[in-house]
Amino acid sequence: MIAAYGYHGQGKKALDFFPMMLSSGILPNRITFLSLLYACSHAGLVDMGLELFNMMWDEYSVKPDVKHYTCMVDLLGHAGRLNEAMNLIENMTVKKDEGLWGAMLGARRIHKNIDLAEKIANSLLELQSQNAGHYVLLSNIYANTGRWEDVAKIRDLITKRELKKVPGWTCIEVENKIHQFGVGDKSHHLSREIYRLLRSLRRKMEMAGYVPDTNLVLHDVDEEVKLECLFMHGEKLAIAFGLIATTEGTPIRITKNLRVCGDCHTFSKFVSAITHRVIIARDTNRFHHFKGGVCSCGDYW
């Protein structure tokens, strides 16, 4: 129950189960604390996360492993407490892995700390030199700061080393059939209807205050091309198909193999308000429940 509430971004409800568990005579183990720290990380409960992390060994003799440290790095990093996160990494006694450095790199991307981002990315590449995703992360960091020459170098390196990036996709199940959408996908038999609906939604959303975040298009192209790139994201296509293919008033459930992008997150909030539909999105990190223009994550993700 603790883990489930944490996955759905309801950190405070997840934490409510901990004293209930203790009062029933069940002692916490490493999985309990991992679930608690995960819940804190995805709800921004920094002080409670620190308290639980210290409590592990001091009160219950549960030794933190690299996954517990990763949760703490993610928690501190997202809260902007980057020095504390880095100090935690430097002083930890357990072996560091790619998940730990990846959590820290995520924080660096959010807070635009390019120097440390490069340092952490290089640590990741030392651990997994054949993982294309790490090169893509570093390329995206450079793109965020307009360092297009460095972006070109990284992409050239990916090509020379023959690395393959995992393509992003979004799935939706309708009437026991899985429909999968990638960026700019036009292979679906309802593509014309999907893009027509997206154009209609975009006009309504812009009237309601939606502003596309073209900073998330990490290519050196003009603004109009960036808008078109955002418009064709797989999440948007899947949601539009869901609106067409499911009964009015029923929830739309989508699954994504990567982390949901910021503009698609904003798009989903606006669509939920305009269409009066609940949208439930599962990405690699958590669930997002969009209803009435609000997401269950509280925009903390």
Side-chain angles (χ1 to χ4, degrees), residues 9 42 44 78-80 106-114 117 136-137 139-148 151 168-170 172 181-186 191 193-244 251-252 254 256 258-301:
H42 286 271
H78 273 77
R108 297 301 172 195
R109 288 181 65 202
I110 291 169
H111 297 280
K112 306 295 190 296
N113 194 324
I114 186 68
V136 172
L137 276 174
S139 173
N140 290 348
I141 289 164
Y142 288 140
N144 269 320
T145 54
R147 291 171 56 172
W148 298 111
V151 170
W169 50 257
T170 304
I172 179 171
F181 297 88
V183 177
D185 199 332
K186 293 185 179 179
S191 280
E193 291 87 341
I194 289 169
Y195 281 94
R196 189 182 303 121
L197 176 58
L198 276 178
R199 285 190 288 272
S200 173
L201 285 172
R202 182 170 162 185
R203 288 192 294 270
K204 292 176 182 177
M205 288 164 55
E206 287 174 351
M207 289 176 63
Y210 166 69
V211 179
D213 188 355
T214 55
N215 290 322
L216 296 170
V217 180
L218 304 177
H219 299 281
D220 190 15
V221 294
D222 63 36
E223 200 72 7
E224 187 174 338
V225 175
K226 288 184 177 182
L227 286 170
E228 284 304 307
C229 288
L230 282 177
F231 179 66
M232 296 188 293
H233 276 196
E235 298 99 305
K236 296 182 175 75
L237 298 175
I239 289 170
F241 171 69
L243 290 169
I244 293 168
I252 294 171
I254 63 171
K256 185 170 173 60
L258 302 174
R259 183 177 182 267
V260 66
C261 91
D263 187 72
C264 287
H265 190 267
T266 303
F267 171 90
S268 300
K269 289 196 297 181
F270 272 92
V271 171
S272 72
I274 290 170
T275 63
H276 306 290
R277 299 284 289 271
V278 172
I279 300 171
I280 302 168
R282 174 69 161 109
D283 68 8
T284 51
N285 292 332
R286 62 184 298 161
F287 285 88
H288 295 266
H289 296 250
F290 302 95
K291 182 178 180 181
V294 178
C295 181
S296 59
C297 74
D299 296 337
Y300 192 92
W301 55 286

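None of these values were measured; they are calculated from a predicted model.
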* Between the main-chain N or O of L230 and the side-chain N or O of K236, is there a donor-acceptor pair closer than 3.5 Å? -> yes
* Structure fact -> Between A273 and G292 the two heavy atoms that sit nearest each other are CB-C, 3.9 Å
* Asked: Which residue pairs satisfy the salt bridge (Lys or Arg N to Asp or Glu O under 4.0 Å) criterion with at least one member in residues 267-276, sequence neighbours excluded?
  -> K269-D299
* Mind checking side-chain contact (heavy atoms from CB on, under 4.5 Å) for T275 and listing every partner two or more places apart, or none if nothing turns up? => L201, L243, V271, R277
* Does any non-hydrogen side-chain atom of H233 lie less than 4.5 Å from one of C261? -> yes
* L237 and T170, any side-chain heavy atoms less than 4.5 Å apart -> no
* Asked: Do any pairs count as a salt bridge (Lys or Arg N to Asp or Glu O under 4.0 Å) and have a residue in residues 193-207, sequence neighbours left out, and if so which ones?
  -> R202-E206, R202-E228
* To do: List in chain and number order the residues that pass side-chain contact (heavy atoms from CB on, under 4.5 Å) with V278, two or more places apart in sequence or in another chain; answer none if no residue qualifies.
  => P251, I280, K291
* Can you measure from OH (Y210) to CE (M205) and round to the nearest 0.5 angstrom? => 5.0 Å
* Spell out, as yes or no, whether a donor-acceptor pair under 3.5 Å connects the side chain of D263 to the backbone of D213. => yes
* Taking all non-hydrogen atoms of both residues, which atom of H288 and which atom of V260 are closest, and how far apart? -> NE2-CG1, 3.8 Å
* From F290 atom CZ to I252 atom CD1, the distance as rounded to the nearest 0.5 Å -> 11.5 Å
* **Partner set under side-chain hydrogen bond (donor to acceptor under 3.5 Å, both in side chains) for R286, not counting sequence neighbours** => H42
* To do: Could you label the plane-to-plane angle of the F287 and H289 rings as parallel, tilted or perpendicular, counting under 30° as parallel and over 60° as perpendicular?
  => tilted
* How many angstroms lie between atom CZ of R259 and atom CG of D283, to the nearest 0.5 angstrom? -> 7.5 Å
* With sequence neighbours excluded, residues passing side-chain contact (heavy atoms from CB on, under 4.5 Å) with A240 -> I194, L197, L198
* Structure fact -> To the nearest 0.5 Å, atom CZ of F267 lies from atom OG of S272 at 10.5 Å
* Report the distance from atom NZ of K186 to atom OG of S191, rounding to the nearest 0.5 Å. => 8.0 Å
* Please examine the side chains of C297 and H265, heavy atoms only from C-beta on, and report whether any two atoms are closer than 4.5 Å. => yes
* To do: Compare every heavy atom of S268 with every heavy atom of I279, then report the nearest pair and how far apart it is.
  => CD1-O, 3.8 Å
